[in-house]
Amino acid sequence: MQIRWTIIETALGLALVAATERGLCSIALGDDATALEAELRGEFPKADISHVQEGRDEFLAPRVREVACMLNGRSGAVDVELIGTAFQQRVWQALMKIPPGQTLSYAQLAESLGKPSAARAVARACAQNRLAVIVPCHRIIRGDGSLGGYRWGLPLKDTLLQRERVA
DNA sequence: AAGCCCATCCGAA
DNA sequence: TTCGGATGGGCTT
């Protein structure tokens with residue numbers, strides 16, 4: 001598998017944006033570019049990974065621009081390649097159908113997939129989401145209204161939800 | 001095939 | 001409010 005990636009600066013900090021030939025496969029947030037690259041290589045150990053300059057890659061450039069908008073709070077859509085098991089893909093697809101401003105509990109999401117007892121498994125799948133913000137796993141919270149967890153830090157989850165609530 | 005980890009949930013004390 | 005047990009998917013022995 002071929003993966004190309006670049007790093008951009010956004011309202012949420014640095015973002016590593018990576019794509020296969022089919023679409024975006026990883027969007028990771030952080031403040032250390034080296035760590036972000038290492039993380040990407042760890043996630044796709046067998047892939048052929050190459051760094052590209054922002055804007056110099058015809059495939060990546062327009063997608064990166066779109067991602068930048070979305071990370072900065074605007075709505076939008078990009079083509080993605082969800083790399084994971086069948087179950088994970090179902091969960092991630094379902095996440096992308098949740099409109100901004102709306103939240104669901106892990107149990108509600110499990111229910112909507114026809115697996116009402118799989119709340120915990122759904123949580124696992126959310127935890128493995130690689131496409132920050134674009135696959136909006138931050139819209140899933142606990143049944144009691146508390147935030148639950150977030151891979152890129154709970155404060156960020158809170159920020160994202162606040163930002164969508166007003167819009 | 002068995003065991004372990006986990007971004008949960010629900011009921012009981 | 002805390003605590004156990006049920007729970008299911010994914011990964012490692």
Side-chain angles (χ1 to χ4, degrees), chain A residues 1-3 5 7 10-20 22-33 35-49 67 70-73 75-78 80-167:
Chain A
M1 184 169 53
Q2 269 264 33
I3 293 178
W5 64 277
I7 287 195
T10 76
L12 306 176
L14 293 182
L16 179 149
V17 182
T20 65
R22 306 164 60 105
L24 298 174
C25 64
S26 182
I27 301 190
L29 306 173
D31 38 42
D32 177 356
L36 286 172
E37 180 184 358
E39 202 178 299
L40 177 71
R41 293 185 180 279
E43 294 251 337
F44 301 105
K46 294 180 295 196
D48 170 11
I49 294 177
V67 167
M70 292 173 76
L71 293 181
N72 287 326
S75 60
V78 271
V80 297
E81 178 171 7
L82 300 177
I83 300 172
T85 66
F87 179 78
Q88 287 167 338
Q89 291 181 19
R90 285 184 64 201
V91 171
W92 299 335
Q93 293 280 6
L95 289 173
M96 287 191 290
K97 294 192 184 127
I98 305 173
Q102 185 179 339
T103 63
L104 250 50
S105 71
Y106 295 92
Q108 285 171 327
L109 183 53
E111 176 92 33
S112 80
L113 294 173
K115 303 204 165 229
S117 58
R120 193 117 190 228
V122 163
R124 281 288 288 160
C126 291
Q128 332 251 1
N129 172 38
R130 242 175 329 262
L131 293 163
V133 185
I134 277 58
V135 172
C137 63
H138 59 278
R139 297 187 191 136
I140 306 300
I141 61 179
R142 289 208 187 127
D144 66 4
S146 59
L147 280 182
Y150 195 60
R151 176 168 174 185
W152 293 284
L154 279 163
L156 181 55
K157 185 172 187 173
D158 200 34
T159 301
L160 290 169
L161 290 174
Q162 296 280 358
R163 183 213 244 177
E164 295 180 355
R165 195 161 307 164
V166 300

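Here is the naming used below: chain letters follow the sequence lines, and residue numbers restart at 1 for every chain. Predicted, not measured: the structure shown is a model, and the values here were computed from it.
The interatomic distance linking A:R120 (CZ) with C:dG8 (P) rounds to 12 Å, in whole Å. Here the P atom of nucleotide B:dA7 and the CZ atom of A:R139 are 21 Å apart, to the nearest Å. Distance CD (A:Q88) to P (C:dG9): 11 Å, rounded to an integer number of Å. What separates CG of A:L113 from P of C:dT7 is a distance of 19 Å, to the nearest Å. A straight line from CG of A:L154 to P of B:dA7 spans 11 Å, rounded to a whole angstrom. One interatomic measurement links the two molecules: CG of A:L109 to P of B:dT8, which rounds to 13 Å at whole-angstrom precision. Atoms CZ (A:F87) and P (C:dG10) sit 7 Å apart, rounded to a whole Å. Distance CZ (A:R142) to P (B:dC10): 12 Å, rounded to an integer number of Å.
Among the nucleotides C:dG8, B:dT8, C:dG10, the one closest to any side-chain atom of A:T85 is C:dG10. Of the listed nucleotides (B:dC9, C:dG10, C:dT7), B:dC9 has the atom at the smallest distance from the side chain of A:S105. Nearest to the side-chain atoms of A:A121 among the listed nucleotides B:dC9, B:dA7, C:dG8 stands C:dG8.
The shortest side-chain heavy-atom distance between A:L82 and A:M96 falls under the 4.5 Å cut-off. By the 4.5 Å heavy-atom criterion applied to side chains, A:I83 and A:R130 are counted as neighbours. Contact of the A:L160 side chain with the A:L156 side chain is registered, since non-hydrogen atoms from C-beta on lie closer than 4.5 Å.
A:R124 comes within 4.0 angstrom of a base, heavy atoms only. If you check every strand for non-hydrogen atoms under 4.0 Å, A:A127 touches a base.
Nucleotide C:dT7 has no partner under the Watson-Crick or G-U criteria, as no pair reaches both atom distances under 3.5 Å.
In terms of heavy atoms, A:V135 sits closest to A:N129 at O-ND2, 2.9 Å.
For A:S117, no side-chain nitrogen or oxygen approaches OP1 or OP2 of C:dT7 to under 4.0 Å. Neither OP1 nor OP2 of C:dT7 sits under 4.0 Å from any side-chain N or O of A:K115.
In terms of modelled atom types and a separation under 3.5 Å, the side chain of A:Q88 and the main chain of A:A125 share no donor-acceptor contact.
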